[in-house]
Amino acid sequence: MTVESTAARTPRRSAGSKAGTTGTKRTTRTTAKKDTGAGQSAEPALVQLLTPEGKRVKNAEYDQYVSGITPEDLRGLYRDMVLTRRFDAEATSLQRQGELGLWASLLGQEAAQIGSGRALRDDDYVFPTYREHGVAWCRGVDPTNLLGMFRGVNNGGWDPNGNNFHLYTIVIGSQTLHATGYAMGVAKDGADSAVIAYFGDGASSQGDVAEAFTFSAVYNAPVVFFCQNNQWAISEPTEKQSRVPLYQRAQGFGFPGVRVDGNDVLACLAVTRWALERARGGEGPTLVEAFTYRMGAHTTSDDPTRYRHDDERAAWEAKDPILRLRRYLEASHHADEGFFEELEAESEALGRRVREAVRAMPDPDHFAIFENVYADGHALVDEERAQFAAYQASFADAEGV
């Protein structure tokens, strides 16, 4: 099984070329149809190229960014999403079996991640949060390398510069500042590349994100802010985060924002390509709001049944990103049953490989958490270490009974 997908990456441009020269300079994507009185649109603009039923719809502005996509590319995007979901499901199961300490599932967000991830060039740089397993896949990061951190045996199992994919960032929103600074450096170096920062709807309320927006706008940094609005910041819904659709926040900082159907892999691919070309063309930052849904828990330590209803999930299941593309592939005769059967076998092989790799990893050092907290030690840390040692020893005592 090969980690790299069959979906073709965007061809690299020469260092002297400028992207985004389509004859129309875009400055905003806020075509609100009705104001509710609180500044919020009743029907915010939503870029969609594939309906939930798998029907291809035309879009005068964004069709050009997927005009060259082939049936092989479409099958590759589908393969990406299926294998990413399989890896995610296996990681969730491994956590439930005690093999991982924690896991943040991306279930339902595959299209947003694969579509945007496949829009990137090799020389673009990615700053993720801790849920971008699909983007990591697109960048060629072996899935098993993501799991060491969640098992507690390393701080991230890949070289960020090897794939231009930064280590996962647990602190909410801080990676947007890292991305902005990196993009400012890219601009000063005169490089023909762009930077993308991923964050969630909850992180959009962080001060770090506002500061990143300010600096990127003032310095015209070649950065794309990709917000996966999965509707819930742990247990807080989006309406408690913002009085306006999140993409409209970009207006206040002086750069364009666009809301895309985050369950539509083609739309996510097209919009991200447009935003990256803007950045490479010297037109500055863009905010992309991928309107999607977190089908599972925030992490495996969360219980979403305490704050949301089953009918909400059922409504979003009808918009499933993988089923949507499969319907289109079947209706267009771009994939036959043999393709889906082979992919199912490949998916199971990936699950086995991940499972075996995790179980072969060493057990984490349970007492490492107490080391390097203070340079000269601390009485409270010593006390907590002793309490934890007694707790661990109690299991051994129980087994010996």
Side-chain angles (χ1 to χ4, degrees), residues 7 29 31 33 41-63 65-66 69 71 73-86 88-89 105-119 131 134 200-201 226-232 237-239 245-247 258-274 288-296 304 308-335 337 339-340 343-344 347:
R29 285 294 180 283
T31 55
K33 297 181 179 180
S41 306
E43 299 179 25
L46 181 74
V47 178
Q48 185 181 84
L49 302 183
L50 273 182
T51 69
E53 296 74 31
K55 303 292 185 181
R56 180 73 165 87
V57 293
K58 298 295 185 181
N59 186 293
E61 293 184 272
Y62 292 103
D63 276 346
Y65 295 98
V66 291
I69 200 165
D73 295 333
L74 291 169
R75 290 191 295 272
L77 291 170
Y78 182 82
R79 174 179 177 270
D80 283 342
M81 291 195 291
V82 168
L83 294 182
T84 297
R85 179 172 289 188
R86 181 65 182 86
D88 182 69
S105 174
L106 61 63
L107 182 62
Q109 298 178 220
E110 295 88 356
Q113 295 195 17
I114 298 303
S116 61
R118 285 298 166 198
R131 202 189 300 273
D201 47 295
F226 194 93
C227 175
Q228 294 174 84
N229 179 3
N230 63 22
Q231 312 303 314
W232 290 94
T238 307
E239 57 264 26
L246 297 182
Y247 77 98
V258 54
R259 174 180 277 188
V260 60
D261 185 340
N263 286 20
D264 177 354
V265 69
L266 282 185
C268 290
L269 176 66
V271 168
T272 309
R273 279 179 171 172
W274 162 75
V288 176
E289 178 195 356
F291 199 73
T292 182
Y293 190 74
R294 191 192 76 217
M295 298 294 290
R308 67 185 190 189
H309 300 289
D310 290 342
D311 55 352
E312 178 181 295
R313 172 171 172 145
W316 279 93
E317 283 179 342
K319 306 173 187 177
D320 183 87
I322 294 179
L323 180 59
R324 180 182 309 208
L325 183 55
R326 176 164 183 157
R327 287 169 173 165
Y328 179 68
L329 288 171
E330 291 175 332
S332 304
H333 305 291
H334 290 329
E337 196 58 36
F339 165 77
F340 296 113
L343 182 56
E344 179 64 25
S347 173

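One-based numbering along the sequence shown.
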Where do Arg294 and Arg131 land on the side chain to side chain contact (heavy atoms under 4.5 Å, CB included) test, with the steps shown first?
CA-CA 11 Å; Arg294 191 192 76 217; Arg131 202 189 300 273; 4.1 Å; yes

Over all heavy atoms of both residues, which pair between Pro321 and Gly108 is shortest? Give the atoms and the distance, please.
CG-O, 3.8 Å

Could you give me the CA-CA distance, side-chain angles and deciding distance for Asn263 and Thr292, then say whether side-chain hydrogen bond (donor to acceptor under 3.5 Å, both in side chains) is met?
CA-CA 6 Å; Asn263 286 20; Thr292 182; 2.7 Å; yes

Please tell me if the side chains of Thr84 and Gln113 come closer than 4.5 Å, counting only heavy atoms from C-beta onward.
no

Using a strict cut-off of less than 4.0 Å between a Lys/Arg side-chain nitrogen and an Asp/Glu carboxylate oxygen, indicate whether Arg327 and Asp320 qualify as a salt bridge.
no

Does the side chain of Tyr328 come within less than 4.5 Å of Val265's, by heavy atoms?
no

Partner set under side-chain hydrogen bond (donor to acceptor under 3.5 Å, both in side chains) for Asp88, not counting sequence neighbours:
Trp103, Ser105

Spacing of CZ belonging to Arg118 relative to OG1 belonging to Thr272, to within rounding of 0.5 Å
13.0 Å

Over 12 foreign heavy atoms within 6.0 Å of CG, Asp310
no

Test your reading of the model: is there a side-chain donor-acceptor pair from Asp201 to the backbone of Thr238, 3.5 Å cut-off?
no

Evaluate the side-chain hydrogen bond (donor to acceptor under 3.5 Å, both in side chains) criterion for residues Asn229 and Glu289: first the C-alpha distance (whole Å), next the side-chain angles of each, then the deciding distance (0.1 Å), finally the verdict.
CA-CA 6 Å; Asn229 179 3; Glu289 178 195 356; 2.8 Å; yes

Under the criterion salt bridge (charged side-chain N to carboxylate O under 4.0 Å, His left out), which of Arg85, Arg79, Arg86 is the partner of Glu110?
Arg85

Heavy-atom check, side chain of Asp63 versus side chain of Lys58, under 4.5 Å:
yes

Which atoms form the tightest heavy-atom contact between Asp261 and Ala267, and what is the distance?
O-CB, 4.5 Å

For the atom pair OH (Tyr247) and CG (Leu46), what is the distance rounded to the nearest 0.5 Å?
9.0 Å

Given side chains that start at C-beta, do those of Val258 and Trp274 come closer than 4.5 Å, heavy atoms only?
yes

Arg313 (side chain) donor-acceptor with Met295 (main chain) under 3.5 angstrom:
yes

Partner set under ring-ring contact (aromatic ring centres under 6.0 Å, His included) for Tyr293, not counting sequence neighbours
Trp316

Can you find a pair of side-chain heavy atoms, one from Tyr65 and one from Leu269, that are under 4.5 Å apart?
no

Return the minimal non-hydrogen interatomic distance between Phe226 and Ala112, and the atom names on each side.
CZ-O, 3.6 Å

Identify the heavy atoms of Arg308 and Gly296 that sit nearest to each other, and give their distance.
NH2-O, 2.8 Å

On a heavy-atom basis, which atom in Gly262 and which in Cys268 lie closest, and how many Å separate them?
CA-SG, 3.8 Å

Contact between Asp311 and His309 at the side-chain level, heavy atoms closer than 4.5 Å - yes or no?
yes

Identify the heavy atoms of Leu74 and His334 that sit nearest to each other, and give their distance.
CD1-CD2, 3.8 Å

Starting at CZ of Arg75, measure out to CG of Asp80 and round the result to the nearest 0.5 Å.
13.0 Å

Distance in Å, Arg56 CZ paired with Asp264 CG, rounded so as to fall on 0.5 Å steps
8.5 Å

Who are the ring-ring contact (aromatic ring centres under 6.0 Å, His included) partners of Phe340, not counting sequence neighbours?
Tyr78

So, applying side-chain contact (heavy atoms from CB on, under 4.5 Å) with Leu266, which one of Asn59, Val47, Leu50 is it?
Leu50

If you measure from CZ on Arg324 to CD on Gln48, what distance do you get to the nearest 0.5 Å?
5.5 Å

